[in-house]
2 protein chains.
Amino acid sequence: MSNEFTQIEGSSRSLHLQVAREIARGILSGALPQGSIIPGELDLCEQFGVSRTALREAIKLLNSKGLLESRPKIGTRVRDREYWNFLDSQLLDWMMGLNNTELAYQDFLALRRAIEPEAAALAARNASAEQRMGLSAVFQQMADVASGADLETSWTDVDMEFHRLVFLSTGNSFYIPFANVLRTMFIGFIDHSSKDGGTCIEEHKAIYDAIMAGNADKARDANLALLNNSNHRLPSHNAA
Amino acid sequence: MSNEFTQIEGSSRSLHLQVAREIARGILSGALPQGSIIPGELDLCEQFGVSRTALREAIKLLNSKGLLESRPKIGTRVRDREYWNFLDSQLLDWMMGLNNTELAYQDFLALRRAIEPEAAALAARNASAEQRMGLSAVFQQMADVASGADLETSWTDVDMEFHRLVFLSTGNSFYIPFANVLRTMFIGFIDHSSKDGGTCIEEHKAIYDAIMAGNADKARDANLALLNNSNHRLPSHNAA
DNA sequence: CTGAGTGAATTCGTTAGACATAGAATAACC
DNA sequence: GGTTATTCTATGTCTAACGAATTCACTCAG
């Protein structure tokens, strides 16, 4: 634990966020092992070249994600992985680009298979009039993008927005965070999501129609069909 | 927005956590409307009787949960509900005891119906030998509690631990946070979970056997059956 | 009168240093 | 040798000041 960290440079945003990101990636990558004690605040201040306040804010942030745990006299310990909140979009953002990227995408797809079909079913039942209007508008845009009528918008953006609206239309608070998680994952795995030009417009139409018709079972099946579509299977671009 | 907050007293824990909890409950209850600007840091310091450091740490914490957003010159704004991270156990803890308790339990059950069956299926496939041993030990304890052989342990505790191990045994990082969410919800809704003495030991045995046998489909069905069991339907103790 | 540009005021962001507190390791004591 | 007291260390909290960023208002040109 000598010189794990690099000096912060004027990259972007607030200071404590840069420090937090740096430490977080150290933890998520395994460079800082679970259960280990990271250097004291004063040491870290020197390593990062920031004030104690900024460093403490960074540590507090990682604390709130379940990555760290501080106690007087003991120091700050890296918590066990089972406490890390992988359903926090900021944490997911920090994970991007680490070694386990391909594996994380697989796991993410497995989560979508569990969540999205039920979300679509709930949306079919509970979406408000306003939310249905929003879904309608986004689907129209999806169709335009797919048909080539809209060349300025990327498929990933509308795809993301569509599923985001589905999550928000469930009427269930616990589905809300998935909207943000999905956004972060789409942005992070942007090369996976719709390469090869596959836009899955038919599959999305099936989901859309079922939700609009209030047919929960059909919406669930259609969303599951989408996720089992070949476009979402791993492109195995490692072999390239 | 005159005197929304009460003075902090020597209740417990660190200072900024007490302040954070107070503000969070103001937001979650709707007393602080979405999009509204909360008083400036100095005002809040005076209201809570804490230093700016402690107050800022509280605000940073709420920021990390998606509840607040601070910008220079503007102030600190309550973010829209769609950004609140309802899958954070600390946030769930803050929600406990607010008006919407009964509704939240319903939503939570709906989430479990989507997640747990898939988690059980994944656990059946991926649980490590060590994890299977842990599951075995916990299930034995469940049986003891159900049969009356173990009178010291509460059913809620072993029930919680069982499902926690299932989540951790999926081999999928994204299922990990549900273990902590489940714990918080179980503790918060402790009166709901297993009142009436219903211990669901048979249903859990079916899940356990299926996971141990590596039968994913059976595990999924068994977990779904558990959640549809009458013991988990709302006891409607409002009428009492 | 309209518009852009400039300046000032306000609020959060950051720093510095000091003291308080809690917990563990050690030392003293019985 | 076991128990208690002390000390030491790292986080927790407070105060005070300066810096930075952005909105708002004001000025000035067109």
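Below, chains carry the letters A, B, ... as their sequence lines are ordered, and counting in each starts from 1.
Spacing between atom CG of B:Leu44 and atom C1' of C:dT11 amounts to 12 Å, rounded to whole angstrom units.
In terms of the salt bridge (charged side-chain N to carboxylate O under 4.0 Å, His left out) criterion, B:Asp43 has no residue partners (sequence neighbours excluded). With sequence neighbours excluded, no residue forms a side-chain hydrogen bond (donor to acceptor under 3.5 Å, both in side chains) with A:Ser51. Qualifying side chain to side chain contact (heavy atoms under 4.5 Å, CB included) partners for A:Ala58, counting only residues two or more places apart in sequence or in other chains: A:His16, A:Val19, A:Ala20. With sequence neighbours excluded, the residues that form a salt bridge (charged side-chain N to carboxylate O under 4.0 Å, His left out) with B:Glu57 are A:Arg56, A:Lys60.
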Which pairs of donor and acceptor atoms, one on a side chain in residues 68-77 of chain A, lie under 3.5 Å apart (sequence neighbours left out)?
from: A:Ser70; atom 1: OG; to: A:Thr76; atom 2: OG1; distance (Å): 2.9
from: A:Arg77; atom 1: NH1; to: A:Gly35; atom 2: O; distance (Å): 3.1

Result block: side-chain N/O donor-acceptor pairs under 3.5 angstrom for residues 81-89 of chain A, not counting sequence neighbours:
from: A:Arg81; atom 1: NH2; to: B:Ser173; atom 2: OG; distance (Å): 2.6
from: A:Glu82; atom 1: OE1; to: B:Arg164; atom 2: NH1; distance (Å): 2.4
from: A:Trp84; atom 1: NE1; to: A:Arg79; atom 2: O; distance (Å): 3.1
from: A:Trp84; atom 1: NE1; to: A:Asp80; atom 2: O; distance (Å): 3.4
from: A:Asn85; atom 1: OD1; to: A:Leu87; atom 2: N; distance (Å): 3.2
from: A:Asp88; atom 1: OD1; to: A:Lys65; atom 2: NZ; distance (Å): 3.1
from: A:Asp88; atom 1: OD1; to: A:Gln90; atom 2: N; distance (Å): 2.8
from: A:Asp88; atom 1: OD1; to: A:Leu91; atom 2: N; distance (Å): 3.1
from: A:Asp88; atom 1: OD2; to: A:Lys65; atom 2: NZ; distance (Å): 2.9

Please list, one pair per line, the donor and acceptor atoms closer than 3.5 Å that link side chains of residues 138-150 of chain A to other protein atoms, with sequence neighbours excluded.
from: A:Gln140; atom 1: NE2; to: A:Asp144; atom 2: OD1; distance (Å): 3.2
from: A:Ser147; atom 1: OG; to: A:Ala143; atom 2: O; distance (Å): 3.2
from: A:Ser147; atom 1: OG; to: A:Asp144; atom 2: O; distance (Å): 3.1
from: A:Ser147; atom 1: OG; to: A:Ala149; atom 2: N; distance (Å): 3.3
from: A:Asp150; atom 1: OD1; to: A:Glu152; atom 2: N; distance (Å): 3.0
from: A:Asp150; atom 1: OD1; to: A:Thr153; atom 2: N; distance (Å): 3.1
from: A:Asp150; atom 1: OD1; to: A:Thr153; atom 2: OG1; distance (Å): 3.4
from: A:Asp150; atom 1: OD2; to: A:Thr153; atom 2: OG1; distance (Å): 2.9

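A:Gln131 contributes a side-chain N or O that, together with a main-chain N or O of A:Ser128, makes up a donor-acceptor pair within less than 3.5 Å.
If you walk DNA chain D from 5' to 3' and mark each nucleotide with an atom closer than 4.0 Å to a heavy atom of chain A, the marks span D:dC8 to D:dT13.
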Might you list the N or O atoms of the protein lying below 3.5 Å from N or O atoms in nucleotides 12-17 of chain C, with each pair's distance?
from: C:dC12; atom 1: OP2; to: B:Glu41; atom 2: N; distance (Å): 3.4
from: C:dG13; atom 1: OP2; to: B:Arg56; atom 2: NH1; distance (Å): 2.9
from: C:dG13; atom 1: OP2; to: B:Arg56; atom 2: NH2; distance (Å): 3.4
from: C:dG13; atom 1: N7; to: B:Arg52; atom 2: NH2; distance (Å): 2.9
from: C:dG13; atom 1: O6; to: B:Arg52; atom 2: NH1; distance (Å): 3.2
from: C:dT14; atom 1: OP1; to: A:Leu15; atom 2: N; distance (Å): 2.6
from: C:dT14; atom 1: O4; to: B:Arg52; atom 2: NH1; distance (Å): 3.3
from: C:dT15; atom 1: OP2; to: A:Ser51; atom 2: N; distance (Å): 3.2
from: C:dT15; atom 1: OP2; to: A:Ser51; atom 2: OG; distance (Å): 2.6
from: C:dT15; atom 1: O5'; to: A:Ser51; atom 2: OG; distance (Å): 3.4

